Each structure stands twice: as C-alpha cells, then as structure tokens.
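First comes the structure, then the notes that go with it.
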Amino acid sequence: MKAPEREVTNRDVAERLTLMARLLGIAGEDQYRIAAYERAGRQIDRLSLPVAGLDEEELTRIPGIGERIAGQIREIAATGTFGELRDLQETIPGSVVDLLGVAGVGPKTLHTLYKKLGIQSLDDLEQAVKGHRLRALSGFGAKREETIQRGIEQFRRRPNRMTRPQADAVLAALPDGPYTVAGSYRRGSSTVARLTIVAIEDRPETREGGDDGVDVRFTEPGRCGTALLCATGSAAFLERLGEVAARQGYRLTPEGLVEAANGRLQEFASEEEVFLFLGMETVPPELREDRGEIELALRHALPGLVGISDVQGDLHAHTTWSDGRQSLEDVAEAGERRGYEYVVITDHSSRVRPEALTKQQAEIERVNRHHDCRLLSGSEVDIRSDGTLGYENRILADLDLVIASVHSGFSQDQDVLTRRILTAMENEHVDVIGHPTGRLLGRRPAYGIDLERVIAHAAATGTALEINASPHRLDLEDIYIRQAKMKGVKLAIGTDAHRIGEFANMRYGITLARRGWCTPDDVLNTRSLSALLEWTS
DNA sequence: GCCGTTTTCGGCCCGACTGTTTTCAGTCG
C-alpha cells in the first residue's frame, strides 16, 4: 500500500466515489447502489470539514455514508483509492467512462454499447454510428443514432478552456508571492484558455515562466503599470492603445513607454499613471476589448460600471422545495450575511405543485419574521416545449417575481425555440427570461435562438433578461448584454444558487454585467426592495 | 448502498421530454 503523495482533499474523495458510481452504471449494477455512491460523493464534496481526518464512526454520522462507504473513504484517505474501485477499473477502461460526456449517452445506453458492441472509445462509437450498427440493437433506432452523432460532434468540439472556478483553483495552488493575475481572467472572460500572472520582484531575472498552464511574466515595482497593462490585453485593445501612444510619440512596451525620438524609457508603477500620462481615463479591465472604450476614455466619458457593492439582492435562488440543497432559513441567513435587502425564492415550477407553492408562501412569511433579509416569493417557471408555461396565470399572478426559463426541447429549430420565448415574454406575469441561451460552459452550446428578436421583444414587453451568474452558465454573453442595455432592456443578475456557497457567485455576474457595459441603472437588483416591487407590479 | 424501523427488509425524487414503442425506458435537469 502506497501512501498518497499529497493530502487527500474532500474533492479527491468525492471524485473517487463519483467515479465508482459511473463505473457501476456502465457495469449495469443496481441503480440504487449507484445512486448511493453519487449521493455520498455529493455529500463529501459539500462538506466543509476535511474528511480525511475522520474515523469510521464520525464518517457514518454523515447522512448518506454508511459502514461500507465509510471504510472505503478511510481507504481513500490512506492510499488515494479503494480496492473495489480498482477492481472495477481493471474491467472497464477509462476511455469508456469518458463517453458519458457525450450528450444522449447515459449509463444504460453506454452499458449496452459496451457489452453488446464492445465500444471502448469515442472513435469506436463514431464508427458504430456511421456503420448504423446501433439501430440493430433493440431500443435503438435511426433517431438515436443521429442524436448520438450530434453528441459526438459536440463532444469533439468542446473547447479546452477553464471555467472561472477551475482557474481559481489553479491560482489557489500557486505559491505565495507578490503577483497580480492578468490576461483574460482579469478582463473577466467567462472561460480562460491560459492564465497569465505578473510577478513583481525587485530584481527580476530575465526568464520566462510557464509551468502548469500558467504564463508568468516578471517585472519590477517601478514598471508594474505597463507590464500589467500589456499582460492584461486584449490584443485588439493593446493595438489601439499603441496607436494612441504612437500619436503622442511613444511606443507601448511592457517595460514602459519608449520615446520614439530618442529611445528614452518612461516608467510607470501603476496602470492609472499610464492612462493619465496618455490623457485618458483609466479603462477598467472588463472593457479592454476594443469595443469603443478607448475613444470614450480619451473623451473622459466611460460609463460608471456597476459594482458588487451596488447589489441589493439576489433574484434567483432554489431551495429544498425543488432541487436546491438549502432551506428557506439558510437562504435568509445567507442573504443577511451578504447584506442583502432581499432574495427571491425561485424554485422550479415542475417540482413545486400549486398547493405546495401556497404552503411555501406561508413558510416564507414565517421565515421573514425572523430575518432582516426579506425573502420574496417567486418561481422559475418552465417554458414548456409546446410554448405554454408551467403554471396557470392565476398562480403566476400571486408571485412577487416570475422567471421563465427553457429547460427542455433544446433541439427544436431556431424559429420554434425563439417563439417559445417571445410568447413567454408576452405573458404579463413574466418578469425575467432565465439563462436566455441555455449554454453550459464546456458541456453544452447555447441553444439556437434568435437573440436579436428576443432582445427587441424584451424591450417591447418590458421583460428583463437574466444574467445568470453561475460560473457554469454565465448566460447572457457580454455582447448581448450590451445590445440589450442599449435597447433599454433591464438585466436581472441571479446566482441560480442551489446551495448557500453559491450566493458568492454574484461576483461573476457583476463581472459579466461590467463586460456588457452595465451601469447600476441597467441592473434590476441594484434597486431597493420597494423599487424592485414597483418594477415588477 | 443507505436508511429507518412495523429490528432485518422495502423503499429510495421526480417531471418533462424523446424515441421507440404501442405502454415504456432512458436522459436530463
């Protein structure tokens, strides 16, 4: 038995257990046994206490962890894995497990494909689809072959980019030291291909760092301004800024501004000093995309962007009443800790029967008596595939805020999908369209809708569009946020929090709103409670 | 596999949707 090379984290344990669940699924095991491992994995993942130090008795006190899995967790803590998992891994290659990432392929399908057709890899699967070997199996037909073929194409195209939490994890693992994160991360991009950091040293050696997907640039304190500016980009922004400098007789370099006439170097300790020297307003990193910001900065006319401190509440939260893991009390407490005036409870219409919704409203009133942060009664109501909404109008009329979202029928053609959303906006009770494009970063592309039509109709009907702040969605994308804002459409930033920790994702939503040039006035939840309620009524 | 208990085995979240079926299984959220 080999000891693990580093301390085993809860994430490591959770990953092992989740992998066990997947392998059992492919092996065709009992679904409840599979579910037990999935549940255990989720449970460990959300635990704040490090699980590696617990003994078996303490472990079994965690809901969903019994004697068996407790023993396996102890084994993971000691050796990095566990025997039963190793045994299963020997019978099922890892390349088979990866196929679960193909949309339309679930555990049951994969079990059949693996056992009956011996499919072990993406290439195998594609060959089988192309050779029409799937439709020979019972339960499979031409349509499923097409679905899986689309899934394969999408899987192959998936970009190799980090989500922001993945990037944060890489940054957290870096050794301490004076440095600033630059690049697209600093500009607030929704995903990051490569991390760029500027390390500040008194006597920088001439060297290039670049381990572990991190690009390190060294500078000294006196030159930090241009170094950071150049490392932050974007390329288009820097090119345009270079032109501004050139018109004044300078060349922009990471070391400083070089006088064209005599090669003398002008150094700057901060970005602000560079912009000041060039006679410009400081351009916030989120705007540095060459979308007109340089011209405005020269005229000192940049918009006053919305900031996290402008936020008065969260407009999108789930609880245990649907698929969330937090109670109403948990939400009220989380809102209080964040200094919010309100949080809107927006459980899924598909999971809360009308009678339960009435009960929830009573419960919300009860919770509100004990907390300063006011819970509002809302819903995330499905826009069903036939275009109808998940609740009748008389129920929607009773709610403080209604978010309407598409959760199904993603593959409908663009016109049908677009019209579903337009129709939803026409309902007088619908206040917000949730995650308007439905994308899941790195997993699923945006569904095909005509966003220009959606934005125009949002303006016409006075419906807000959501900026979904979940780092796995970050939906709407910045250029559409800006288009919406320019048409007078309000943006509703919601975290879509399913558990307490996710309220902190608001910062991602704010970053995205800033990339869309939003001022506080463009964002619905910068309003006070009374102003918000006035807007919705 | 876990849990709760009618203490040793039966139930485990569920609704919408799709495709392949003629009543259901699998996927997805």
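To find a chain, count down the sequence lines: A is the first, B the second, and so on, and within it residues start at 1. For clarity, every value in this text was computed on a predicted model and none was experimentally measured.
- Taking atom P on both dC12(B) and dT20(B), the two are 30 Å apart, rounded to the nearest angstrom.
- Using a 4.0 Å heavy-atom distance criterion, R39(A) is classed as a base contact.
- Distance R33(A) CZ to dC3(B) C1': 17 Å, rounded to the nearest Å.
- By the rule that a glycosidic angle within 90° of 0 means syn, dT8(B) counts as syn.
- Rounded to an integer number of Å, the gap from CD1 of I383(A) to C1' of dC17(B) is 16 Å.
- Separation of the C1' atoms belonging to dG11(B) and dT22(B) is 30 Å when rounded to the nearest angstrom.
- Other residues, nucleotides and ligands contribute more than 12 heavy atoms inside 6.0 Å of the CG atom of D55(A).
- Comparing the C1' positions of dG29(B) and dC13(B) gives a spacing of 12 Å, expressed to the nearest Å.
- Contact check for V311(A) versus I493(A): no side-chain heavy atoms found under the 4.5 Å cut-off.
- Of the residues L465(A), L491(A), T536(A), L315(A), the one that meets the side-chain contact (heavy atoms from CB on, under 4.5 Å) test with L524(A) is L315(A).
- Within 4.0 Å (heavy atoms only), I148(A) reaches no atom of the nucleic acid at all.
- Rounded to whole Å, the separation between the C1' atoms of dC17(B) and dT23(B) comes to 16 Å.
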Protein proximity profile, nucleotides 19-29 of chain B - base contact B, sugar-phosphate-only contact S, no contact -, cut-off 4.0 Å on heavy atoms
SSS----SSSB
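- You'll find the side chain of L376(A) reaches within 4.5 Å of the side chain of L532(A), heavy atoms only.
- Not one N or O on the side chain of N525(A) forms a donor-acceptor pair closer than 3.5 Å with the backbone of A492(A).
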For the pair R61(A) and E57(A), evaluate salt bridge (Lys or Arg N to Asp or Glu O under 4.0 Å) and give the outcome as yes or no after the intermediate values.
CA-CA 7 Å; R61(A) 271 193 241 126; E57(A) 209 244 303; 3.3 Å; yes
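- Protein atom CD of E67(A) is 12 Å distant from nucleotide atom P of dG1(B), rounded to whole Å.
- If you measure from atom OH of Y391(A) to atom P of dA16(B), you get 11 Å, rounded to the nearest angstrom.
- If you check residues 111-134 of chain A against DNA chain B, you find no residue with a heavy atom closer than 4.0 Å.
- The base-pairing partner of dA16(B), taking Watson-Crick or G-U wobble contacts with both distances under 3.5 Å, is dT27(B).
- OP1 or OP2 of dC17(B) sits under 4.0 Å from a side-chain N or O of S408(A).
- Side-chain contact between V343(A) and C373(A) is present, with heavy atoms from C-beta onward closer than 4.5 Å.
- For the pair L23(A) CG and dG1(B) P, the computed distance is 14 Å after rounding to whole Å.
- Using a 4.0 Å heavy-atom criterion, one finds that I34(A) contacts no nucleic acid atom at all.
- Going from atom OH of Y32(A) over to atom C1' of dC3(B) covers 14 Å, rounded to whole Å.
- For the residue pair E380(A) / H435(A), a side-chain donor-acceptor distance below 3.5 Å is found, with atom types taken as modelled.
- Here the P atom of nucleotide dC2(B) and the CD atom of E56(A) are 11 Å apart, to the nearest Å.
- The aromatic rings of F410(A) and Y447(A) lie parallel to each other, their planes meeting at an angle below 30°, with 60° marking the opposite boundary.
- Tested against V331(A), the residues V367(A), D314(A), T319(A) include a single side-chain contact (heavy atoms from CB on, under 4.5 Å) partner, T319(A).
- Taking atom CG on D386(A) and atom P on dT18(B), their separation rounds to 10 Å, with Å as the unit.
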